[in-house]
Student: 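Below you will find the structure I want to go over with you.
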Protein chains: 2
Amino acid sequence: MAVTIRDVARRAGVSVSTASAALNNKPFVSPQTRARVLQAALELNYHVNRMARNLAMGRTFQIGLLIPALLEHTFSASHFFNQLMRGIYGACRPEDYSLVLFAVENEDDLTRQMTHWAHGRSVDGFIITHPTWEMPYREVLEQSGLPYVVIGRPPDKDASRVLFVDNDNVQVAYDATAYLLARGHRRILFVNGPSRYTYAHDRNEGYRRALHTYGVPVDERLLVEAELTFVDGYRVVDALCGQVTFSAVVVLNPMQALGVMHALAKHGCRVPEDVAAITTDCEMAKYMHPPLTAVDIQPYQLGYHAATILLQLLAGEPTAPRIIPHALVERASTRRMVAQAHR
Amino acid sequence: MAVTIRDVARRAGVSVSTASAALNNKPFVSPQTRARVLQAALELNYHVNRMARNLAMGRTFQIGLLIPALLEHTFSASHFFNQLMRGIYGACRPEDYSLVLFAVENEDDLTRQMTHWAHGRSVDGFIITHPTWEMPYREVLEQSGLPYVVIGRPPDKDASRVLFVDNDNVQVAYDATAYLLARGHRRILFVNGPSRYTYAHDRNEGYRRALHTYGVPVDERLLVEAELTFVDGYRVVDALCGQVTFSAVVVLNPMQALGVMHALAKHGCRVPEDVAAITTDCEMAKYMHPPLTAVDIQPYQLGYHAATILLQLLAGEPTAPRIIPHALVERASTRRMVAQAHR
DNA sequence: CACCTGAATCGAACCGTTTCGATAACGGTT
DNA sequence: AACCGTTATCGAAACGGTTCGATTCAGGTG
């Protein structure tokens with residue numbers, strides 16, 4: 001049926017093993033022979049059968065990609081994961097690795113799935129884009145012996161054993177907060193993510209350090225937690241608006257930010273005139289009224305380097321966790337204030 | 001190293017072929033034997049080696065997924081494709097098929113890639129989520145003999161030969177337009193997608209039919225084309241605003257819609273007081289000022305049924321193209337007008 | 001009791017590669 | 001002319017399953 005390497009070998013007048021060597025650019029095959037084999041392959045329209053190759057080599061050149069995004073509906077998350085995937089794809093493509101999707105529908109199912117895939121050697125490794133560290137399937141992973149890279153820093157106790165890629169989230173929050181402090185803001189609301197995410201701790205820390213640097217005391221009422229949703233961002237700010245005053249808000253998630261903006265609007269706070277706002281970047285941030293100043297955490301880079309690390313691991317090269325730099329993008333949601341601070 | 005079916009067979013005291021039969025729930029294997037084999041497999045923590053299985057069976061239980069989205073940055077597209085992928089995944093998962101990603105970085109590279117993958121039998125079939133029909137790689141596909149399903153209707157000349165899933169785009173545009181007409185609007189701007197997409201023709205048709213139904217003459221100046229971007233949506237409406245009058249706008253792409261809204265705002269047109277607006281649905285539409293009335297084209301369903309069709313094809317069952325229904329979601333961007341129509 | 005039938009099991013071939021130890025060919029030394 | 005070391009090629013054994021024709025065995029029948 002399909003044309004096999006045997007057909008190529010026959011046509012080129014060489015043995016199968018020589019044909020294989022020629023096709024795989026192995027040394028020790030004479031230029032003429034190689035040319036003959038390549039020619040024959042071309043004429044017969046030969047393409048290596050990956051299934052056979054995989055079996056013989058014991059690897060699939062496939063990477064499993066764990067994405068909670070398939071579960072979530074929020075478009076900001078979609079965009080984040082989309083960028084992440086682009087980065088991962090960008091790194092894998094040149095190395096001829098391809099990506100297999102695993103969705104986190106529910107943990108049990110995922111664990112079962114992973115068990116089959118990991119032990120069944122369907123993929124050579126995994127990239128985990130799951131932001132929390134409650135991973136029941138981690139055990140499965142470890143046990144299977146397949147290499148994996150996590151996007152997002154694991155808790156300290158695991159961080160040394162696990163390869164990961166992440167931003168410096170202490171610094172992310174520090175920079176966002178310090179930016180506002182530098183412009184005169186003193187009462188800064190910080191809407192953090194749920195504490196089950198490791199980055200939430202780091203960002204909390206960063207916020208505090210920034211205030212400390214500027215000699216501003218921490219008002220615990222200005223530190224709130226919310227789920228990464230529109231509704232919850234809305235909820236916390238709505239609840240706070242009568243209670244405490246603030247002249248700026250740091251909300252490092254686009255979806256929450258959207259909710260926060262709505263809550264502010266409802267309470268008659270204009271941005272940036274009454275309250276300055278800063279968030280993490282996302283396509284949408286550009287298009288809002290006003291366009292939002294944001295920290296670009298570079299999801300493409302996160303993905304790209306996660307994949308690079310995994311590929312290095314697979315190639316037997318030495319690797320290490322990697323911190324991706326972030327950048328502040330100045331837009332219209334933070335303005336003036338230097339003069340009329342301390343409202 | 002890893003535990004093979006031979007180990008299981010030995011432990012269960014049966015032959016390899018019997019073990020295989022037992023593990024695969026084949027008939028003609030006695031209950032006791034099956035139990036023994038399963039028990040042995042459990043004890044040894046046996047998992048079938050997919051690579052070997054693939055080779056032996058000549059199929060991979062993998063589906064190639066072509067996504068232009070990895071190329072695009074627009075978050076509305078991200079969201080759309082995210083939903084699409086969720087649907088596809090939702091259909092494939094229960095059948096134990098998994099998804100392999102192919103990104104359309106550039107057509108040449110993609111074609112080369114597909115050639116390898118299709119001929120190399122890395123996947124059992126493809127799902128193409130590429131909205132245009134200029135597919136240089138289609139030839140490769142046909143030639144490889146692998147089944148595929150397209151999301152989006154091919155041009156008429158091909159539609160009968162190709163399996164696809166799509167909305168009834170004539171009806172989508174008809175419904176959106178008729179909705180406005182029913183509320184008294186007579187001058188309705190229609191911002192369409194580029195004509196290289198087959199759906200753009202259909203939607204144009206739908207718009208005209210709706211006007212015809214209501215006995216409203218078509219003003220060609222109110223029919224414009226724009227790329228599926230924020231900037232281009234902005235551009236066309238900005239250019240039009242001084243020239244022609246309209247009391248409503250139909251713009252069936254969220255990204256364009258965003259641009260259109262900005263252009264309207266710039267020209268002092270309030271929505272819905274001065275101009276009513278209707279778009280296709282997207283998470284974001286809910287959260288805009290005002291929340292946008294929209295046609296939900298059900299991307300999840302599109303994906304789900306595309307996958308279902310492909311799986312049927314792979315199972316040798318009869319299949320047919322499928323039209324996914326849409327639904328109008330009423331929100332705040334279309335209001336009143338019945339009284340003070342004909343401005 | 002020999003024969004037949006059908007259910008359960010077995011053995012071996014096969015899927016299409018890669019890999020590795022063995023072999024052949026060849027030019028250069030002694 | 002025998003020997004040696006390279007260099008290029010070959011043959012056969014994996015890789016770990018599935019499949020299918022052959023075989024065994026038990027029970028029923030003439």
Side-chain angles (χ1 to χ4, degrees), chain A residues 1-38 40-41 44-62 96 116-124 144, chain B residues 1-38 40-41 44-62 96 116-124 144:
Chain A
M1 167 82 250
V3 24
T4 79
I5 199 173
R6 254 165 270 274
D7 302 323
V8 175
R10 192 174 314 124
R11 180 170 192 117
V14 298
S15 75
V16 169
S17 45
T18 304
S20 174
L23 290 167
N24 290 297
N25 279 317
K26 291 276 166 61
F28 293 112
V29 48
S30 75
Q32 310 89 293
T33 307
R34 186 191 311 285
R36 271 217 316 289
V37 172
L38 260 37
L44 294 172
N45 191 27
Y46 168 79
H47 294 274
V48 38
N49 181 319
R50 294 257 181 175
M51 301 187 283
R53 165 183 253 249
N54 290 348
L55 179 58
M57 297 182 64
R59 36 197 312 210
T60 59
F61 296 92
Q62 293 190 149
D96 263 316
H116 279 100
W117 279 73
H119 284 100
R121 302 277 147 176
S122 296
V123 295
D124 296 342
S144 75
Chain B
M1 168 80 251
V3 24
T4 79
I5 199 173
R6 258 164 263 273
D7 302 322
V8 175
R10 191 175 314 122
R11 180 170 192 118
V14 298
S15 76
V16 170
S17 45
T18 304
S20 173
L23 290 167
N24 290 297
N25 278 315
K26 290 276 166 60
F28 292 110
V29 47
S30 74
Q32 310 91 293
T33 308
R34 185 191 310 286
R36 272 217 317 288
V37 172
L38 261 37
L44 294 172
N45 192 26
Y46 167 79
H47 294 274
V48 23
N49 181 318
R50 294 257 182 176
M51 302 186 284
R53 165 182 251 251
N54 291 347
L55 178 58
M57 297 182 63
R59 36 196 313 206
T60 59
F61 296 92
Q62 293 190 150
D96 262 317
H116 279 100
W117 279 73
H119 284 102
R121 302 277 146 176
S122 295
V123 295
D124 296 342
S144 75

Student: Output the rounded distance in Å from CZ (A:R53) to P (C:dT17).
Tutor: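 Rounded to the whole Å, the gap is 10 Å.
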
Student: Do you know the tightest heavy-atom contact between A:V16 and A:R6?
Tutor: CG2-CG, 3.7 Å

Student: Mind listing the closest non-hydrogen atom pair of A:T60 and A:D124 along with its distance?
Tutor: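 Minimum heavy-atom separation between A:T60 and A:D124: N-OD1, 2.8 Å.
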
Student: Taking the inter-plane angle between the rings of B:H47 and A:H119 on a 0 to 90° scale, is it parallel (under 30°), tilted (30 to 60°) or perpendicular (over 60°)?
Tutor: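 Because their plane-to-plane angle is under 30°, the rings of B:H47 and A:H119 count as parallel.
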
Student: Please report the distance, rounded to the nearest Å, between CZ in B:R6 and P in C:dC10.
Tutor: 14 Å

Student: Quickly work out the B:N49 CG to C:dC15 C1' distance and round it to whole Å.
Tutor: 13 Å

Student: With respect to the side chain of B:L55, which nucleotide from D:dG17, C:dG16, C:dC10 is positioned closest?
Tutor: C:dG16

Student: Less than 4.5 Å apart, side chain to side chain, heavy atoms only: is that true for B:V48 and B:L23?
Tutor: no

Student: Along nucleotides 19-28 of chain C, 5' to 3', which nucleotides get a B, which get an S, and which get a -, given that the test is a protein heavy-atom distance under 4.0 Å?
Tutor: BB--------

Student: Could you state the CZ-C1' distance from B:F28 to C:dC10, rounded to the nearest angstrom?
Tutor: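 Result: 16 Å.
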
Student: What is the minimum heavy-atom distance between A:V14 and A:V37, and which atoms define it?
Tutor: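 That closest heavy-atom pairing would be CG2-CG2, 3.9 Å.
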
Student: Given C:dT17, C:dA8, D:dA8, identify the nucleotide with an atom nearest to the side chain of A:I5.
Tutor: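 From the listed options, C:dT17 comes nearest.
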
Student: Without decimals, in angstroms, what is the distance between B:R10 CZ and D:dG17 P?
Tutor: 12 Å

Student: Under 4.0 Å between any heavy atoms, over every strand shown, what does A:N24 touch: base, sugar-phosphate, or nothing? Just pick one.
Tutor: sugar-phosphate

Student: Does the side chain of B:T33 get closer than 4.0 angstrom to OP1 or OP2 of C:dA8 through an N or O atom?
Tutor: no

Student: For the pair made of CE in A:M51 and P in C:dT17, what is the distance, rounded to whole Å?
Tutor: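 In whole Å, C:dT17 P and A:M51 CE are 10 Å from each other.
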
Student: Calculate the interatomic distance between A:R34 atom CZ and D:dA8 atom P; express it in whole Å.
Tutor: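 It is 10 Å, rounded to the nearest whole Å.
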
Student: Please name the pair of heavy atoms, one in B:V3 and one in B:Y46, separated by the smallest distance, quoted to 0.1 Å.
Tutor: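 Of all heavy-atom pairs spanning B:V3 and B:Y46, the closest is O-CD1, 3.4 Å.
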
Student: Would you mind classifying the nucleic acid contact of A:R50 as base, sugar-phosphate or nothing, using non-hydrogen atoms under 4.0 angstrom?
Tutor: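 If one applies the 4.0 Å heavy-atom cut-off, A:R50 turns out to touch nothing in the nucleic acid.
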
Student: Side chain of B:V48 only, heavy atoms from C-beta on: which candidate in C:dC10, D:dG17, D:dA8 is closest?
Tutor: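 The closest nucleotide is D:dG17.
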
Student: Looking only at heavy atoms, what is the nearest atom pair of A:A12 and A:R36, with distance?
Tutor: O-NE, 2.9 Å

Student: Of the non-hydrogen atoms in A:S30 and A:T33, which two are nearest, and what is the gap between them?
Tutor: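 Distance-wise, the nearest heavy atoms are OG-OG1, 2.7 Å.
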
Student: Should B:N24 and B:R53 count as side-chain neighbours, where that means a heavy-atom distance under 4.5 Å?
Tutor: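 Side chain of B:N24 against side chain of B:R53, heavy atoms only: contact under 4.5 Å found.
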
Student: Compute the bend angle of the helix from C:dC1-D:dG30 to C:dT30-D:dA1 from the end axes (five pairs per end), rounded to 10°.
Tutor: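 One end axis against the other gives 70°.
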
Student: Starting at atom CG of A:N25, determine the distance to atom P of C:dT17, rounded to an integer number of angstrom.
Tutor: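 One finds 16 Å between P of C:dT17 and CG of A:N25, rounded.
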
